[in-house]
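Data block below; observations after.
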Amino acid sequence: MSHPSMINRYRWYELVGIYAGILVFLAFVLAPFIEGFLVSLKPLSQLFSSPYRFIPENGSFEAYRTMWTSVPGFGWYIYNSFLISGSITIIVLILVVPAAYAFARFEFKGSGLLLGAFLAVKMFSGAVLLIPLFRLMRSFGVLNTYFAMIVPGVAFIIPTGIWLLHTYMRRIPRELDEAAYVDGASQLYTLRRVILPIAMPGIVVVAISSFIEAYAQQFIYALTFNSKSEYMPLPVGLFAYFGRQEVVWNELMAASFVGIAPALVVIFFLQRYLVSGLTAGAVKQ
C-alpha cells in the first residue's frame, strides 16, 4: 500500500502559507546581495539620485572592467584569500579527522571535559585574543607572512570541525570497526579504508564550513598581523580602497562580487560531492 507524500498531506492554503514564508525569508536574505549587484551595474550619476531608482537605467558591466585598475593588486588579493582559506581548510581536515575519530570511538578520561573546552574556546571572540596572538607571532618572527594568518585561523576553526565530525562518526555503526578488527585490520587502516568513505559527507560539511569561516575571518587577522601588500587578502585590500578621498561605489560592489566568486565556486563544487557522498553512503538492507 502506497502512502501519500508528506507534501500532499497539506491543504492548499497551508502550502500557500509555507511558500509565502519561504519567499519572505529569501527576500530578506537575498535583498542586500541583489541591491549590491544592481549598484555595480549603475552609473555613478544614478547612485545618489533622488528619487532613488532600484532598477538601474542604462546599466552596464563597465564597473567590472574598470575596477581591475581602480583596485591595484586586486587579482593578487583574490589569490591570497584563496591560498589562506585553502591552506586553513586542508590543515583543519588533516587534524580534525583523526581527532574526531578518537573522540567517536575511544572512551578515555576527560573526553567530555575536553569537548566542552572546545566549545568554550569558540565563545571567545578573536578580537579578545589579538594582543596575545600579536605578541606570540612577533616572538616567533612570523609577522607579515602567510603563516601569521593561517595559524590563528586553524586554531579557531578546529574545535567546530571536531564537534561536527565526531558527531557524524558516532552514528557510524561500531560493527564495521569490529568486523575490520576481526579481519586483522589496524585502527589506522580501519579509519582510512572503512570509516573515511562512509564519513565523507561529514568531512565535506566540515570542509565547506571551514573554508567559509576562514574566508570570512581573514580581515581581522590580516589587518593585525600583516602590513605588506604582497600578503594582503581581499577583505583588507578592499578596506584600503575606502581610504581614498572618493569611493567609487559601483566599482567597489563589482570588486566585492568578483572577490567572493572563487569561494562560491568552491562551495558549489563541494556541495555536488556532498550530495553524491550522501547517496553513495547509503547502506543496503
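Just so it is clear, the model here is predicted, and its values are computed rather than measured.
Around CZ of F82, the count of heavy atoms belonging to other residues, nucleotides or ligands within 6.0 Å does not exceed 12. At most 12 heavy atoms of other shown residues, nucleotides or ligands fall within 6.0 angstrom of atom CD1 in I131. Remark: F257 CZ is packed, more than 12 non-hydrogen atoms of other residues, nucleotides or ligands lying under 6.0 Å away. Within 6.0 Å of OH in Y181 there are 12 or fewer heavy atoms belonging to other residues, nucleotides or ligands.
Between V24 and Y19 there is no side-chain heavy-atom pair separated by less than 4.5 Å. A 4.5 Å side-chain heavy-atom check between M137 and V151 finds at least one atom pair inside the cut-off. Side chains of F106 and Y101 form a contact here, defined as non-hydrogen atoms less than 4.5 Å apart. Between L143 and N226, the closest side-chain pair of non-hydrogen atoms is not below 4.5 Å. Side-chain contact check for W163 versus V96: every heavy-atom pair is 4.5 Å or farther apart.
Residues satisfying the side chain to side chain contact (heavy atoms under 4.5 Å, CB included) criterion with P159, sequence neighbours excluded, are F118, V121, K122. Qualifying side chain to side chain contact (heavy atoms under 4.5 Å, CB included) partners for A155, counting only residues two or more places apart in sequence or in other chains: none.
The two residues S210 and T89 have their closest heavy-atom pair at C-OG1, 3.9 Å.
Of the N and O atoms on the side chains of N250 and Y64, not one donor lies less than 3.5 Å from an acceptor on the other residue.
Screening E213, Q217, Q218 against S85 for a side-chain hydrogen bond (donor to acceptor under 3.5 Å, both in side chains) leaves a single residue, Q218.
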From CA spacing to verdict: side chain to side chain contact (heavy atoms under 4.5 Å, CB included), L129, F156 = CA-CA 11 Å; L129 302 176; F156 277 97; 3.4 Å; yes
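The side-chain hydrogen bond (donor to acceptor under 3.5 Å, both in side chains) analysis of residues 131-146, with sequence neighbours excluded, yields the pairs N80-Y146, N144-S227.
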